[in-house]
Structures are given as C-alpha cells and as structure tokens.
Protein chains: 2
Amino acid sequence: MRVLILGIDGYIGWPLALHLLDRGNEVSGMDNFYTRKRVKEVHSNSAIRIGSMKNRIRKVKEQTGKEISFIRGDVSDPDLMYAAVKATRPECVIHLAEQRSAPYSMIGLKQASETLQKNMIGTINLVYALKDHSPNCHLIKLGTMGEYGTPNIDIPEGFFDVEYMGRRDYLPFPRNAGSWYHWSKVHDSNNLMFANKVWGIPVTDVMQGVVYGTRTDALTRHRSSTRFDIDEVWGTALNRFCAQAVAGLPITPYGKGGQTRGFLSLDDSIQCLTIAAENPPDAGEYRVFNQFDDYYSVMDLAMEVKRIFDQKHTNPAVIQNVPNPRIEKEAHYYNPEMKKLRELGYRPRRSLQDGISEMIKDLERHKKTILSLKDVIMPRTEWKESRGLS
Amino acid sequence: MRVLILGIDGYIGWPLALHLLDRGNEVSGMDNFYTRKRVKEVHSNSAIRIGSMKNRIRKVKEQTGKEISFIRGDVSDPDLMYAAVKATRPECVIHLAEQRSAPYSMIGLKQASETLQKNMIGTINLVYALKDHSPNCHLIKLGTMGEYGTPNIDIPEGFFDVEYMGRRDYLPFPRNAGSWYHWSKVHDSNNLMFANKVWGIPVTDVMQGVVYGTRTDALTRHRSSTRFDIDEVWGTALNRFCAQAVAGLPITPYGKGGQTRGFLSLDDSIQCLTIAAENPPDAGEYRVFNQFDDYYSVMDLAMEVKRIFDQKHTNPAVIQNVPNPRIEKEAHYYNPEMKKLRELGYRPRRSLQDGISEMIKDLERHKKTILSLKDVIMPRTEWKESRGLS
C-alpha cells in the first residue's frame with residue numbers, strides 16, 4: 001500500500017513510518033519540522049536525541065535498501081499539499097501534521113490563532129487535494145479523546161442514539177474540549193464529517209488518548225529513536241512524570257490529580273494506526289475510533305511511577321501536587337467506549353507497568369539532558385492568563 | 001449604553017445602528033466593506049442602491065445631531081480589533097462582521113479557507129480584546145439556525161438534557177451544518193463557549209433564521225436604505241424569490257423545495273438583537289438564542305410569493321424548481337424551539353404576508369437593476385464541484 005504520513009518527523013510519525021515500511025508498504029512523508037522549532041521557542045528540547053530526517057532516511061536505506069521519500073513542507077500551504085498528493089498518489093494518508101500541544105495553544109492570542117488556523121487549514125487543504133486527485137484514498141486523521149471533554153454520561157465512538165422529546169436520531173456526540181488545541185481537533189472532526197458527506201472521502205477519525213513511552217518494536221529493530229518531550233508545553237503527563245522521577249525532581253500532578261484520561265503506549269498507538277490503515281472504512285464512510293488502552297486518573301499514574309521507580313532506587317520519588325494551570329474538572333465520571341479497534345484485532349502489547357519500567361530505564365541514560373531542562377518542566381502556561389497582544 | 005457594531009455596513013448592521021441610536025445608545029461601528037467588494041467579485045451588486053458609509057453617517061448627523069463613530073478595518077487583524085475595543089470601550093459588542101454566504105464558502109478551496117479562517121480569527125481576536133480591556137462587556141454574536149442542520153428530533157436553544165445508557169447530563173446540542181460557512185459559525189459557537197468557560201465573558205450566541213425584507217421602522221424614519229442582495233451567492237431564498245417575481249423571472253426553489261427553515265423579517269431581527277442587548281446575560285453566562293419568527297418550507301414560500309404577486313399583477317409569477325446545487329435533505333422533520341426571546345418580550349411585528357407585499361412594492365422601483373443582474377441569479381455554485389487549486 002502507498003502510505004503518505006503527514007508529520008513523519010514527530011513522536012508518532014517516525015516510529016509509524018518504520019513500522020509500516022517493515023510491513024511492506026511504500027512510505028512517503030511530509031514535515032515542516034515545526035515541533036523541533038517550536039520546542040526550542042520555549043527553551044526546551046527532546047530529552048532523547050534524534051537524528052536529522054536526512055540521516056534517519058539514509059540509515060533506513062542502509063539497513064533495508066528501502067527509500068522513504070520525503071517532502072519538506074507545511075500542509076497549510078495548499079500548493080505544497082496538492083504537490084505532495086500528486087507526487088505520492090497515496091492509497092492511505094495518515095495526517096499527524098498538526099500543532100499538538102494544548103499549553104502551546106494557550107500561551108497567547110498569537111499561538112491560539114496559529115493553532116486554530118494552521119490545524120484547520122492543513123486538514124482542509126488535504127481534503128481538497130484528495131477529492132481532486134485521489135478520491136478513494138483513505139484518510140486517517142489524528143484527533144484526541146480530549147474532544148469529548150468529561151461528560152457525565154458514557155462516551156461512545158463519535159456518534160450516539162439520542163432520544164429527545166419522544167423522538168429519536170443517531171447524531172454526532174457533543175464535543176466539549178478544554179483548550180484551543182483540543183477545539184482545533186473538534187473543528188477538524190466537524191470539517192471532515194462534512195467533507196465526507198459532500199465528496200464521500202473515506203475517513204477514519206481517531207480520538208486518541210495520551211500516548212506514553214520511549215520504545216516500539218520498529219524503533220528497536222532499526223536501532224532508532226523518536227523524540228521525547230518532557231517540558232510543561234510539549235511533554236504529556238506520564239512521560240513527564242517518568243522524567244521527573246529519573247531526575248530526582250518531584251512528580252507533579254496538576255491540582256488534585258483526579259482528572260481521568262485514556263492512555264496507551266506508543267507501540268500500541270502504532271499498532272492501532274496500522275490496524276486502521278489495513279482495515280479501511282467502506283466507500284464513502286466516515287468512522288470514529290476511540291483509541292486508548294485503558295483509562296487512569298493522573299494521580300494514580302503518579303503513584304504508579306513512584307511505586308515502580310522506588311522498587312529499584314534508594315532515593316524514593318516524591319509526588320507534589322501543584323496548582324492546576326488548566327480549567328478542568330479534577331473529579332468526574334469517565335467511561336469512554338473502545339470497541340471498534342478491538343473488533344478489528346487490537347490487543348494491547350505493552351502493559352502500563354512495563355511501559356513505565358522501560359521509560360525509567362531508557363531515561364536514566366538521558367538524566368543530564370533532563371536536568372538541563374528542569375526550569376521548563378514546572379507548569380507556567382496558565383489558561384486564565386493567556387496573553388493578548390504582546 | 002455604548003454599543004460597538006462589527007459589520008455596521010451590512011444588511012442588518014446599518015438598520016440596527018439606526019435603531020440603537022434612536023433608542024438613545026452611543027453607537028460605534030467597524031467594517032472593512034468586505035461584502036461590497038466580494039459581491040462585485042461575482043459580478044453582482046445590491047439591488048437597492050446604498051450610500052457610502054461617509055454619506056450615511058453625515059446624513060444621520062444632519063438628521064439627529066448624533067455622531068456614529070466609525071473605524072474602517074478588518075476584525076481578523078488583532079491590532080485593529082484591540083484598537084477598536086480600546087477606543088470605544090463598549091458595554092455591548094454586536095458581532096456581525098463575518099463572511100455570511102454559504103455559496104461563497106463553497107466556490108472553492110480559496111473561499112473555503114478564507115471563510116473558515118477569517119470568521120474564526122475575527123471572533124478569537126474579539127474575545128481576547130474583550131477579556132483584556134472590557135471583561136464585563138456583553139458579546140452578542142450572530143450565528144445561524146443552520147448550525148443545527150435538520151436532525152430528526154426537536155432542536156432546543158443550544159443545550160439539551162441527554163439521557164444515555166442510564167445516566168444524564170445537560171450538553172451542547174450536536175451541530176450538523178451544511179456548508180463551510182455554516183461550519184464556521186459552529187466553530188465560533190464552540191470557541192465562544194470555551195472563552196466563556198475560561199474568562200467568563202458574557203455571551204449571547206444567536207442562532208438566526210433566514211432574514212428577509214427591505215424595510216425597518218428605523219430605515220423609514222431616517223429615509224435610509226440597506227443593501228439587498230438577490231444573486232445566487234449573496235442573496236437568500238425569500239428575498240431572491242421576490243426579486244425574481246418582480247423582474248418576470250421564474251421563482252426557483254432548489255430541488256423539491258421541501259427544505260424547511262426558520263425565517264424572520266429584517267425589522268424583527270433588529271427587534272430581537274435589541275432585546276438581547278437590553279437584557280444581557282448574567283455575569284459569566286453563555287446563552288444561546290434561537291432567533292426566528294416562524295418556519296416554512298422553501299416551496300411554501302415560493303407559492304406565497306406567487307400568490308401575493310399575482311393578486312396585483314396581470315402576468316402571473318412562474319415557479320420553476322431547479323436542480324439543487326447543495327447537499328441537503330429536501331424532506332425532513334423540523335421543530336426548533338424559540339422561547340427565550342419571547343420570554344424577554346419579542347413579538348413579531350411584521351407578518352410574512354406584509355413583508356412579501358412590501359418587498360414586491362419596494363423592488364418594483366429597482367426592476368431595471370434586478371434585470372441587469374439576471375445572469376447571476378440562477379444557481380451556479382455546486383457543493384460537489386467546489387474548486388481546488390485554480
């Protein structure tokens with residue numbers, strides 16, 4: 001299968017490319033190295049060093065004889081997006097090329113506008129390029145479980161049966177996101193649902209949980225690494241907790257830590273995306289997958305990291321709840337459905353405990369880098385204080 | 001009250017300004033004359049001639065001694081938006097300054113991107129300017145009944161009680177729009193709901209039906225006119241039907257004409273917006289108003305125009321159903337709620353029949369202009385054929 005990965009340089013993009021290549025697919029990729037650049041803007045960096053795209057691709061060529069074709073460019077540029085689709089004639093596009101940080105989107109108006117515009121326009125450009133040049137191509141789009149928020153009812157996979165005032169319909173499940181970033185993903189989902197209705201583009205819209213981990217089978221096989229962010233803007237909860245423990249810094253759940261979210265390992269994320277790619281929707285279908293392994297409260301994860309860390313270290317890890325910079329419920333009902341990927345064969349490959357152990361082990365080798373980043377780990381980006389003109 | 005009207009040069013903006021001024025408010029306005037320009041891009045024009053903003057304001061000054069302060073500028077420019085809020089210190093902002101045509105947004109990728117970006121960013125800029133400089137200012141935002149689509153259940157005002165899998169919540173009603181324009185309004189509603197949650201900005205989000213008519217009491221008092229579009233891109237159903245009848249052209253419902261929508265007269269739209277402004281939400285409240293007088297199928301409206309036209313003319317009007325350029329249901333359930341404005345005192349002032357009679361009478365004087373526009377009245381912008389790169 002010809003697969004085009006938008007955002008191939010990212011945390012998920014690179015190990016996904018290796019995995020799909022190893023499964024015999026023809027892999028192309030596009031990236032504007034936006035994350036590398038933006039991470040430096042907040043004086044941070046990947047805690048695990050990664051090679052340049054050029055070196056990554058050369059090494060793969062040496063190892064396998066296979067060529068990953070790469071286009072440097074921004075999906076929000078319509079000419080480039082069209083050129084990429086025409087050049088690669090994809091049967092499947094996996095769109096990971098969006099600004100992916102909630103705190104980044106809340107820094108101020110500039111970042112809010114940039115996130116809302118670029119994420120939306122990249123997706124719109126892609127939709128038009130596909131309808132014009134590859135109308136049967138399967139579009140897999142990365143959204144987030146955060147699109148749903150934390151309603152007091154069960155969360156289905158995208159749509160639900162509604163009974164209201166004595167009548168029934170099957171409708172999109174109401175979204176209620178918690179940052180401009182999360183809303184940009186809601187807007188994408190809405191736009192994709194409409195594009196599918198008008199032009200019949202087959203879409204898998206993936207509501208993904210928080211991804212954690214340093215390893216995947218493909219990374220190991222290729223002796224490669226993927227980026228690993230731990231700062232308050234670009235790092236996510238569990239990854240950051242492991243880095244904090246390793247560096248002897250307090251593990252910092254926000255607020256009471258009762259926020260419950262779906263999580264899955266990087267390896268399982270790649271397994272799920274591969275299952276989606278290999279089991280496309282019907283012609284003209286728009287489907288929504290909830291994609292996570294299990295759900296945990298942030299406080300439970302902090303305690304799990306401490307428990308596992310303490311087993312092998314003499315200085316025990318410390319948990320320190322810090323004021324929550326976000327506007328979110330810290331205690332709530334949470335029961336999302338996750339059936340469709342299981343029906344297609346998804347079985348979690350890595351347990352949470354193994355994932356945490358591996359991360360701690362891998363991060364020990366990067367303790368110095370983590371310590372050099374300690375000033376950007378604690379939360380500074382406060383939702384209420386998002387800057388205006390500056 | 002100090003009121004800032006964004007989009008003061010528009011169909012609703014100008015008569016609203018006159019009405020609010022006559023009620024003793026201090027009125028400021030902002031506009032980039034985008035509609036005047038874009039209408040010419042599709043080789044059309046307002047069927048009723050309107051003065052320049054300069055002349056409009058001068059005439060008001062001569063009539064009343066009162067000054068409408070005007071800022072020429074684009075709300076999607078954050079510096080200008082901040083400057084406007086700082087200069088006018090509004091207690092109420094009425095935001096009408098968005099690209100307002102569904103067909104325009106479907107012409108092609110360029111127009112789709114422009115509509116989605118500009119509409120969203122104008123609203124985001126306004127939200128940030130208000131939170132920084134006027135956090136208690138009441139924001140009235142014009143959305144559309146089209147945000148809801150045509151679900152098979154009743155449509156509440158923004159939120160509804162949901163029971164699902166044995167649990168309950170009060171959630172945003174699922175939106176399901178029919179063009180990029182309509183989706184841009186959904187995105188706005190979502191963004192406003194979030195801005196309200198984080199910063200407590202008091203918002204009235206108005207889901208308005210299709211507006212029709214040539215007259216309002218304030219326009220008559222001031223011997224002024226507002227623009228009146230009749231072409232396939234900028235005109236709306238009922239206004240276009242009246243123009244077609246007057247010009248001896250066939251009245252053209254799209255498809256079977258079973259599409260049912262909420263409608264209200266221009267005068268009633270202004271009455272409703274005034275009621276909203278004079279009855280602001282509670283501190284920190286986000287509220288949604290459904291704003292229409294009654295709902296009709298497009299075919300019923302065509303027949304009503306013909307019936308009223310034929311009473312006073314010897315050549316009867318002709319109804320000719322034309323292929324529907326849109327993707328929409330032509331027969332569906334439709335039962336939207338409209339309680340909140342009625343509870344605040346809204347009573348329709350103009351009947352549909354009176355509105356149609358007046359329009360026909362007023363448009364007779366512009367028959368020559370209407371005939372000069374006859375090549376741009378029939379539908380050409382097809383949803384399925386939205387252009388890509390061009």
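Every chain is numbered from 1, with letters handed out A, B, ... down the list of sequences. It should be emphasised that the depicted structure is a prediction, and the values quoted were computed from it without experimental measurement.
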Worksheet, complete the sentence: So, the part of B/Ala177 with a heavy atom under 4.5 Å from chain A: the answer is backbone
Worksheet entry | Among B/Leu116, B/Leu109, B/Val198, B/Val162, residue most engaged with chain A (heavy-atom pairs, under 4.5 Å) |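 Top option by heavy-atom pairs under 4.5 Å: B/Leu109.
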Geometric donor-acceptor pairs, no angle filter, chain B-chain A, under 3.5 Å:
{"unit_1": "B/Tyr128", "atom_1": "OH", "unit_2": "A/Trp180", "atom_2": "NE1", "d": "3.1"}
{"unit_1": "B/Tyr128", "atom_1": "OH", "unit_2": "A/Ser386", "atom_2": "OG", "d": "2.7"}
{"unit_1": "B/Lys131", "atom_1": "NZ", "unit_2": "A/Ser386", "atom_2": "O", "d": "2.6"}
{"unit_1": "B/Asn152", "atom_1": "N", "unit_2": "A/Asp169", "atom_2": "OD2", "d": "2.8"}
{"unit_1": "B/Asn152", "atom_1": "O", "unit_2": "A/Arg167", "atom_2": "NE", "d": "2.8"}
{"unit_1": "B/Asn152", "atom_1": "O", "unit_2": "A/Arg167", "atom_2": "NH2", "d": "3.4"}
{"unit_1": "B/Asn152", "atom_1": "OD1", "unit_2": "A/Arg167", "atom_2": "NH2", "d": "2.8"}
{"unit_1": "B/Asn152", "atom_1": "ND2", "unit_2": "A/Arg168", "atom_2": "O", "d": "3.1"}
{"unit_1": "B/Arg167", "atom_1": "NE", "unit_2": "A/Asn152", "atom_2": "O", "d": "2.8"}
{"unit_1": "B/Arg167", "atom_1": "NH2", "unit_2": "A/Asn152", "atom_2": "O", "d": "3.4"}
{"unit_1": "B/Arg167", "atom_1": "NH2", "unit_2": "A/Asn152", "atom_2": "OD1", "d": "2.8"}
{"unit_1": "B/Arg168", "atom_1": "O", "unit_2": "A/Asn152", "atom_2": "ND2", "d": "3.1"}
{"unit_1": "B/Asp169", "atom_1": "OD2", "unit_2": "A/Asn152", "atom_2": "N", "d": "2.8"}
{"unit_1": "B/Trp180", "atom_1": "NE1", "unit_2": "A/Tyr128", "atom_2": "OH", "d": "3.1"}
{"unit_1": "B/His187", "atom_1": "ND1", "unit_2": "A/His187", "atom_2": "ND1", "d": "3.4"}
{"unit_1": "B/His187", "atom_1": "NE2", "unit_2": "A/Asn191", "atom_2": "OD1", "d": "2.9"}
{"unit_1": "B/Asn191", "atom_1": "OD1", "unit_2": "A/His187", "atom_2": "NE2", "d": "2.9"}
{"unit_1": "B/Val198", "atom_1": "O", "unit_2": "A/Lys384", "atom_2": "NZ", "d": "2.8"}
{"unit_1": "B/Trp199", "atom_1": "NE1", "unit_2": "A/Lys384", "atom_2": "O", "d": "3.0"}
{"unit_1": "B/Lys384", "atom_1": "O", "unit_2": "A/Trp199", "atom_2": "NE1", "d": "3.0"}
{"unit_1": "B/Lys384", "atom_1": "NZ", "unit_2": "A/Val198", "atom_2": "O", "d": "2.7"}
{"unit_1": "B/Ser386", "atom_1": "O", "unit_2": "A/Lys131", "atom_2": "NZ", "d": "2.6"}
{"unit_1": "B/Ser386", "atom_1": "OG", "unit_2": "A/Tyr128", "atom_2": "OH", "d": "2.7"}

Discussion item. At a 4.5 Å cut-off on heavy atoms, which part of A/Met81 comes close to chain B: side chain, backbone, both, or neither?
Written reply: neither
Worksheet item: What pair of heavy atoms forms the shortest contact from A/Pro174 to B/Phe160, and how long is it?
Response: CG-CE2, 4.5 Å
Discussion item. Less than 4.5 Å apart, side chain to side chain, heavy atoms only: is that true for A/Leu171 and B/Ile153?
Written reply: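 Sidechains of B/Ile153 and A/Leu171: in contact.
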